[in-house]
Amino acid sequence: MMTNEKANHDSDEIPIMTDEEIEKLDLTDEKVKKLMEKYEDETEKYAIWRGIITEGFKRWLKGEKIYDRDKERISLYVSDDTKADWQDFINMHKDEYTTISKLIRKSVEYFINIQSKFSTENVLKLDNQAITNISHALKEPLTSIKGFSQLLLENYKDEVDENVLTTIQNIFDQSLLLENKIINILDNIKTESTQYDILLIEDDFPTIRLLTSYFDSKGYSCKGFVSGKKGFEELNNNTPKVILLDIILPDYSGYDICKTIKLNKELKNIPVYLLTAIPGSEVEKHMEEIHADGLILKPFDFSDFEVIFKYLK
């Protein structure tokens, strides 16, 4: 049962609840589901994580302040040697920096200001190899951070307390945000190029992120699109060296997309590899008709993609 007191949220007023009322919540109740949806819409955070009400959702139900994307805590883990170096720098500049947190904030602000002074034209003059090196240097450690945090969330959630779990989730979320920013920047740099390595048409975002990171770590450029329509639009503007194509997409069948590509005189020589969870015996029935060049089955192993590297030289 909810109390009569009201709490001000971003839109409609939500009844404030006590700890006891929150503990008794029925997560299958439609009213509770609507509250969960409203919280997630307002904060872009999970109301329920692995079947358990999150601390953020509890605070929101009690009318407490929930920090949104405009202001949130970022956890940063560094080695003892790095921390010591930063502390030495602070000790040498006590008038300007009093804490490591202030040093980090000032450093980030300085970097942003310096970055904004660079001319876009000068950045675009970077050759493909330089861009590839930058991509590799940024994404290789990020892939490890993202991968290990996801591993901890999936396999060790019962062995750590909730505060640690929340911190790990924050690290994972921040790694995704940083990854997207890196991808956007690199894509902007590459806009003048008419050809890149791999076009991935796949409706599963985690798979796109995983493969994009993998190919980037190998020094290859990869663009992912979540529908056949978006994939065709990309083919009208740029020509990849290889196409990885899911069969089950939200708009078109991968079979039809592959057949259309192979009937196009300007695109027919691009190798097309089907990427699917459909049984191989079923897919192979269509391979000759649609002129697909190969098949990679899900769940895949990264070594399965070595077959396409010969097209990327």
Side-chain angles (χ1 to χ4, degrees), residues 118 120-143 146 176 178-247 249 251-252 254 257-276 291-296 300 302-313:
F118 283 107
T120 302
E121 294 181 358
N122 290 335
V123 175
L124 290 173
K125 289 180 182 177
L126 290 172
D127 59 30
N128 288 335
Q129 186 58 51
I131 293 172
T132 296
N133 292 340
I134 293 171
S135 172
H136 179 77
L138 290 173
K139 287 189 176 180
E140 188 175 54
L142 182 60
T143 299
K146 184 178 68 174
L176 295 182
L178 180 56
E179 180 183 44
N180 288 332
K181 290 180 180 179
I182 293 172
I183 291 172
N184 289 335
I185 292 172
L186 293 178
D187 282 349
N188 288 335
I189 292 175
K190 297 174 185 176
T191 51
E192 292 189 349
S193 174
T194 58
Q195 187 180 60
Y196 57 95
D197 295 316
I198 303 160
L199 169 62
L200 172 61
I201 305 177
E202 161 69 59
D203 67 341
D204 182 59
F205 282 107
T207 299
I208 289 177
R209 289 194 294 263
L210 176 64
L211 289 180
T212 299
S213 296
Y214 169 69
F215 288 121
D216 277 349
S217 72
K218 293 294 183 181
Y220 300 114
S221 54
C222 177
K223 289 185 180 181
F225 296 87
V226 296
S227 69
K229 179 181 178 182
K230 294 291 186 182
F232 279 127
E233 290 175 356
E234 176 63 18
L235 284 171
N236 288 330
N237 298 316
N238 296 292
T239 306
K241 296 177 182 177
V242 179
I243 297 173
L244 291 177
L245 175 62
D246 193 5
I247 293 177
L249 294 166
D251 49 4
Y252 299 108
I257 294 173
C258 182
K259 191 172 183 179
T260 301
I261 291 172
K262 291 301 184 178
L263 289 175
N264 186 303
K265 64 180 182 179
E266 296 180 358
L267 303 175
K268 65 180 182 180
N269 292 325
I270 302 175
V272 178
Y273 276 71
L274 301 177
L275 180 64
T276 182
H291 303 289
D293 295 271
L295 170 65
I296 298 174
F300 52 76
F302 286 139
S303 61
D304 296 336
F305 296 97
E306 291 180 2
V307 66
I308 72 171
F309 289 164
K310 61 184 178 182
Y311 302 109
L312 306 178
K313 296 179 180 179

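Applying the ring-ring contact (aromatic ring centres under 6.0 Å, His included) test to Phe309 and every residue at least two apart in sequence or in another chain returns Tyr220. Here Thr276 pairs with nothing under the side-chain hydrogen bond (donor to acceptor under 3.5 Å, both in side chains) rule; sequence neighbours left out. Taking the side-chain hydrogen bond (donor to acceptor under 3.5 Å, both in side chains) definition, one finds that Asp304 meets it with nothing, sequence neighbours left out. Scored by the salt bridge (charged side-chain N to carboxylate O under 4.0 Å, His left out) test, Asp197 finds Lys241 as partners (sequence neighbours excluded). Residues satisfying the ring-ring contact (aromatic ring centres under 6.0 Å, His included) test with Tyr252, not counting sequence neighbours, are none.
Once rounded to the nearest 0.5 Å, the distance linking CG of Leu244 with CG of Leu275 reads 6.0 Å. From Leu210, atom CG reaches atom CZ of Phe300 across 5.0 Å, with rounding to the nearest 0.5 Å. To the nearest 0.5 Å, atom CG of residue Asp204 and atom CG of residue Asp246 are 8.5 Å apart. Within the model, atoms CZ of Phe305 and SG of Cys222 stand 9.5 Å from one another, a figure rounded to the nearest 0.5 Å. For the atom pair OG1 (Thr207) and CG (Leu200), the distance works out to 8.0 Å, reported to the nearest 0.5 Å. For the atom pair Lys218 NZ and Glu306 CD, the distance stands at 7.5 Å (nearest 0.5 Å).
For the pair Lys262 and His291, the tightest heavy-atom approach, listed with the atom from each and the gap, is CE-O, 3.2 Å. Between Ser227 and Asp251 the shortest heavy-atom distance is CB-OD2, 3.3 Å. Closest approach of Ser221 and Asp216 over heavy atoms only: CA-OD1, 4.0 Å. Shortest non-hydrogen contact noted between Ile198 and Pro240 is C-CB, 4.3 Å. When every heavy atom of Leu199 is checked against every heavy atom of Gly231, the shortest pair comes out as CD2-O, 4.2 Å.
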(request) Kindly determine whether Ile243 and Ile257 satisfy side chain to side chain contact (heavy atoms under 4.5 Å, CB included), including the steps that lead there. (result) CA-CA 11 Å; Ile243 297 173; Ile257 294 173; over 6 Å; no
Throw together a table of side-chain donor-acceptor distances under 3.5 angstrom for residues 263-273, partners on residues two or more places apart or in other chains.
unit_1, atom_1, unit_2, atom_2, d
Asn264, OD1, Glu266, N, 2.8
Asn264, OD1, Leu267, N, 3.3
Tyr273, OH, Tyr311, OH, 3.4

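Looking at Phe225 and Leu235, their side chains never come closer than 4.5 Å, going by heavy atoms from C-beta outward.
Without hydrogens or angle criteria, Thr212 side chain to Arg209 main chain gives no donor-acceptor distance under 3.5 Å.
With no hydrogens or angles considered, a side-chain donor-acceptor pair links Glu234 and Asn238 at under 3.5 Å.
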